[in-house]
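Beneath this line is the structure, given in structure tokens, with notes to follow.
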Amino acid sequence: LTELTNVKIGIVIQDLIRKNTTPTKTEIDNLSSLITKGVEFSKKAIAIDNTNYYNYTSMARVSESVSSLNINGAYENARGSYTEAIKYNPYNPFLYLSIARLDATRGNLDLAKQNIQRALILKPDYLDAVYLLSQIQTQNREIGNAIESTKVAITIDPSNPVMYFQLGLLYYNNKDYVNAGE
């Protein structure tokens, strides 16, 4: 039920973004109601099995889905829930990457990098982690590091055209037009 509610929250948020207008009171109330239900469902799941990391992950996903809207406490709840999930599944690189994404969207890029490194220690060929690292490096204007990270991503998945496009853009931004063209 938590995951189903989270899907509904995502649909409402996408509709609000698509409309690109100030949300009505009804829309805000609907979203608020869904958030409350999602949190309640996840709390019930945790009450049933408080040692299952996925129950905490579900709670984190509800809060994470609305943290970009700057809803009071959403970021903190999502981060705390992911941290709790890690206690029960410390070898899952997805959990560290989830915290890294959350921190990156909040602008905590150093924390994001730390959690990406934790994910990569557990799974050195974790393409999503390497890609997020290259995005953060690009945002920090560490173009040389971003190029190297993107090259690593290409070695992980050499058939991924997005990685080649990303590498080309990085070379272009670094004024290396020959490699950008390749």
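Since we're looking at a predicted model, the values are computed, not measured. Atoms considered below: every heavy atom in the structure, side chains included; atoms not considered: hydrogens, waters and symmetry mates.
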Which pair of non-hydrogen atoms, one from Ile156 and one from Pro124, has the smallest distance, and what is that distance? CD1-O, 4.2 Å
Run the salt bridge (charged side-chain N to carboxylate O under 4.0 Å, His left out) test on Glu3 and Lys8 for me, step by step, so that the C-alpha distance in whole Å, both residues' side-chain angles and the decisive distance to 0.1 Å come before the verdict. CA-CA 9 Å; Glu3 291 301 322; Lys8 290 178 182 179; over 6 Å; no
May I ask you to establish whether Arg106 and Tyr75 are in a cation-pi arrangement, using a distance under 6.0 Å from NZ or CZ to the six-membered ring centre and at most 45° from the ring axis? yes
Which pair of heavy atoms, one from Ser149 and one from Val130, lies closest together, and at what distance? O-CG1, 3.0 Å
In one Ile/Leu/Val/Met/Phe/Trp/Tyr side-chain cluster, 4.5 Å: Phe41, Val62: no
Under a 4.5 Å side-chain heavy-atom rule over Ile, Leu, Val, Met, Phe, Trp and Tyr, are Ile17 and Ile71 clustered together? yes
Atom OH of Tyr177 with >12 non-hydrogen neighbours under 6.0 angstrom: yes
At what distance, to the nearest 0.5 angstrom, does OG of Ser65 lie from CG of Leu31? 8.0 Å
Donor-acceptor pair, Tyr82 side chain versus Leu97 backbone, under 3.5 Å? no
Check this for me: does any side-chain nitrogen of one of Glu40 and Lys43 sit under 4.0 Å from a carboxylate oxygen of the other? no
Closest non-hydrogen atoms of Ala119 and Ala129, given as atom of the first, atom of the second and distance, are CB-CB, 4.4 Å
If two hydrophobic side chains count as joined below 4.5 Å and joins carry through other members, does Ile99 share a cluster with Tyr53? yes
Besides Ile48, the hydrophobic cluster formed by Ile, Leu, Val, Met, Phe, Trp and Tyr side chains linked at under 4.5 Å, directly or via other members, contains none
Under-4.0 Å salt bridge between Arg79 and Asp103: yes
Asp29: side-chain hydrogen bond (donor to acceptor under 3.5 Å, both in side chains) partners, not counting sequence neighbours: Lys25
Determine whether the side chains of Asp49 and Thr51 contain a donor N or O and an acceptor N or O closer than 3.5 Å. yes
Decide whether Leu167 and Val162 are clustered together by the hydrophobic rule: side chain heavy atoms of Ile, Leu, Val, Met, Phe, Trp, Tyr closer than 4.5 Å, transitively. yes
Below 4.0 angstrom, N of the basic side chain to O of the carboxylate: do Arg18 and Asp15 qualify? yes
More than 12 heavy atoms of other groups within 6.0 Å of Lys113 NZ: yes
Is it true that a side-chain atom of Ser134 and a backbone atom of Ala146 form a donor plus acceptor pair closer than 3.5 Å? no
Tyr96 and Pro90: which non-hydrogen atoms are nearest, and at how many Å? OH-O, 3.2 Å
Start with the C-alpha gap between Lys123 and Asp125, add the side-chain angles, then the distance that decides, and say whether salt bridge (charged side-chain N to carboxylate O under 4.0 Å, His left out) holds. CA-CA 6 Å; Lys123 183 173 173 39; Asp125 64 346; 3.1 Å; yes
Backbone of Ile11 reached by a side-chain donor or acceptor of Gln14 within 3.5 Å: no
Mind running salt bridge (charged side-chain N to carboxylate O under 4.0 Å, His left out) on Glu84 and Lys87 for me, showing each step along the way? CA-CA 5 Å; Glu84 195 65 26; Lys87 289 180 184 176; 3.1 Å; yes
